[in-house]
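Beneath this line is the structure, given in structure tokens, with notes to follow.
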Amino acid sequence: MKVYNTLSRSKEEFVPLTPGEVRMYVCGVTPYDFSHIGHARSAIAFDVIRRYLRFKGFRVTFVKNYTDVDDRIIRRANERGVEAREVSEQYIAEDQKDMASLGIVPPDVAPKATEHIPEMLRLIEALVAGGFAYVVDGDVYFEVRRFPAYGKLSGKNLEELLAGARVEVDERKRDPRDFALWKGAKPGEPAWASPWGPGRPGWHIECSAMAMKYLGESFDVHGGGEDLIFPHHECEIAQAEAVTRRTFARYWLYNGFVNMGAEKMSKSLGNTLNIRDLVQRHDPEALRLFLIGTHYRSPVEFTDEGVRERARALERLRRMPLEAARLGASGAGGPDGGLPATLATARAAFAVAMDDDFNTPQALGVLFDLSRTLYAYADLVGRGERAVQPFVEGVSVLVALANALGLLERTPAGAEGPADVRARVGTLVRERDQARKRRDFTRGDALRAEIDRLGWSVEDTPSGPRIAPKTGG
RNA sequence: GGCGGCGUAGCCAAGUGGUAAGGCGCGGGUCUGCAAAACCCGUAUUUCGUGAGUUCGAUUCUCACCGCCGCCUCCA
């Protein structure tokens, strides 16, 4: 299996530190607002990576943090006249709901920065003791010059960084490139006691401290959105490796951004694409299919039409298990038409695609190829020309592969609707069936229209009507 | 200015030094009371942004150019 490692800017053979086991850390959100489409993409990208590693048989330890102390949280809290903690706790809860709605497997550990102050203090103390950090009026800064490897992840050198006009000059820092490990308390800000007086941690130190706490000084995968490469992860590496002198994370994986095109995410009017709104108007699995239809490292342009298009494609896959249930009961025998061999080929092709830096678009191509093969086979089963058992097995293969991508895991939430509607649909379907038997098609079509209005579709098959809640679109 | 990426059919999107997966859409057909779903056939061979080069051969490598985008201490 190969993965693209940003550290080396190349695809590398993936070899975990401990055979059969993968330890990974992904940067989570700063909870000061609802999570948005960009967070969804990152979450889904790493969810797929995690699921596939599991599918391959690795034992995966997955850590995703919450940065629950931050300028934006404090600002939001001040606006509302509440404690910062109240803001962060609220949006952590909202994020967890959103992640669940997207079918994200919860992390094994979801550490919060504020609950790891002692770990951070210990790390900062070690950096100060080692001569990598210095104290100025209650602030502690990392001295970038003392860590020559600074820049190795982002491909920057120290001179270029100095040339960058956007570096804010702070006279108290020995070098403009130095960054804060600890910020002395200002009035109205949350603060913790430290050897340098009350204050709060800098942005980067939490991830170094928490990753090492839960995954060890050296672990396999560190990921996040590509914007985190610099400065965040560059600083994490400096903080950790200066102290441990060991490789912090070995493979650095980044997802690309979601672009909004003309409809830029404007905070002004209603088109902020937060996950809460998105799953209102789209099937979450269609959204997932849309996002993984582009390779995780490439930018993707979000459009509602694009998601609706994927919803239609998703239907092809969703019908597969229904077809298996319908035909499976027949127990029909016959030749297998070489289907078992095709299934093995599909499995292998899926693995080839995913083993190549998680090439989900290619893997999806394999799934759709397989579904067409299976439907064609199903037609022959319907005509009594093929055995049904290989088909049922084929569908279970398809579902297993789809599950490795987080697809076909569940029906859309609430798609079945309220029980009374369900009962009403059932009645109408029976009435329609009887009308059709009388060849009263006018009545039958009217009933179908009514069923349609209730949000269900009815299709006639040789073995009777098949009903399903309408999804997608 | 520095670093990096992208430009493939109507739309989305993989991919390979030897002549282009898949999805959506569209056209034709089979099936159906009609549909729907499914299946079959077709849908980039003056071609993979433009020009030049390397090569027996390039969409795939090199260079230039055009267009678009990301990062350079808010940011998934």
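Computed over heavy atoms, backbone and side chain alike; hydrogens, waters and symmetry mates excluded.
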When the [atom1] atoms of [N] and [M] are considered, how many whole Å apart are they?
N	M	atom1	value
G1(B)	U47(B)	P	34 Å
C34(B)	G23(B)	C1'	29 Å
A21(B)	G27(B)	P	24 Å
A36(B)	G29(B)	P	13 Å
G67(B)	A58(B)	P	27 Å
G2(B)	U73(B)	C1'	16 Å
G5(B)	A9(B)	P	22 Å

Are any of the side-chain nitrogens in [X] or [Y] under 4.0 Å away from the carboxylate oxygens of its partner?
X	Y	value
Arg430(A)	Asp433(A)	no
Arg200(A)	Asp71(A)	yes
Arg72(A)	Asp33(A)	no
Asp277(A)	Arg281(A)	no
Arg312(A)	Glu305(A)	yes

Compare the minimum distances between each of [options] and the side chain of [X], then state the nucleotide with the smallest one.
X	options	value
Glu459(A)	G33(B), A37(B), A76(B)	A37(B)
Tyr375(A)	C34(B), A38(B), A76(B)	A38(B)
Phe179(A)	A38(B), G22(B), U73(B)	U73(B)
Arg316(A)	G70(B), A38(B), A76(B)	A38(B)
Arg312(A)	A76(B), C24(B), G22(B)	C24(B)
Phe230(A)	A14(B), C72(B), G22(B)	C72(B)
Arg72(A)	C72(B), G22(B), C75(B)	C75(B)

5' precedence on RNA chain B between Cys235(A) and Arg41(A) (nearest-nucleotide basis):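 Closest to the 5' end, via its nearest nucleotide, is Cys235(A).
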Between Gln362(A) and Val366(A), which is nearer to the 5' end of RNA chain B once each is assigned its nearest nucleotide?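 It is Gln362(A) whose nearest nucleotide is closer to the 5' end.
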In whole angstrom, give the distance that lies between atom [atom1] of [X] and atom [atom2] of [N].
X	N	atom1	atom2	result
Arg383(A)	A38(B)	CZ	P	16 Å
Tyr150(A)	C3(B)	OH	C1'	15 Å
Asp33(A)	A76(B)	CG	P	11 Å
Tyr377(A)	A37(B)	OH	C1'	20 Å
Glu234(A)	C71(B)	CD	P	17 Å

What's [X] touching, base or sugar-phosphate or nothing? Going by heavy atoms closer than 4.0 Å.
X	result
Arg432(A)	base
Phe441(A)	base
Glu226(A)	sugar-phosphate
Asn359(A)	sugar-phosphate
Gly224(A)	sugar-phosphate
Pro361(A)	base
Gly382(A)	nothing
Asp460(A)	base
Asp369(A)	sugar-phosphate
Ile229(A)	nothing
His295(A)	sugar-phosphate
Phe257(A)	base

Quick one: does [X] reach the base of [N] with a side-chain donor-acceptor pair under 3.5 Å?
X	N	value
Arg448(A)	C34(B)	yes
Asn259(A)	C6(B)	no
Arg436(A)	G33(B)	yes

Could you check whether atom CZ of Arg145(A) has more than 12 heavy atoms from other residues, nucleotides or ligands sitting under 6.0 Å from it?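 At most 12 heavy atoms, drawn from other residues, nucleotides or ligands, come within 6.0 Å of this atom.
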Just to confirm, is there a sub-4.0 Å distance from OP1 or OP2 of G23(B) to any side-chain nitrogen or oxygen of Arg308(A)?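 Checking G23(B) against Arg308(A), no side-chain N or O comes under 4.0 Å of OP1 or OP2.
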Donor-acceptor pair between Asp355(A) and Tyr52(A) side chains, under 3.5 angstrom: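 Tyr52(A) and Asp355(A) do have a side-chain donor-acceptor pair below 3.5 Å.
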Does a donor on one side chain sit under 3.5 Å from an acceptor on the other, for Tyr375(A) and Arg319(A)?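 Tyr375(A) vs Arg319(A): no donor-acceptor pair found between side chains.
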Anything under 3.5 Å between a donor and an acceptor, one on a side chain of residues 396-405 of chain A, the other on a protein residue two or more places apart or in another chain? List them.
residue   : atom : partner   : partner atom : Å
Ser396(A) : OG   : Glu393(A) : O            : 2.7
Asn403(A) : ND2  : Val399(A) : O            : 3.3
Asn403(A) : ND2  : Leu407(A) : O            : 2.8
Asn403(A) : ND2  : Leu408(A) : O            : 3.4

Taking only residues two or more places apart in sequence or in another chain, which ones pass ring-ring contact (aromatic ring centres under 6.0 Å, His included) with Phe358(A)?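 Phe358(A) satisfies ring-ring contact (aromatic ring centres under 6.0 Å, His included) with no residue once adjacent residues are dropped.
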Under 3.5 Å, N/O pairs linking protein and nucleotides 7-10 of chain B:
none

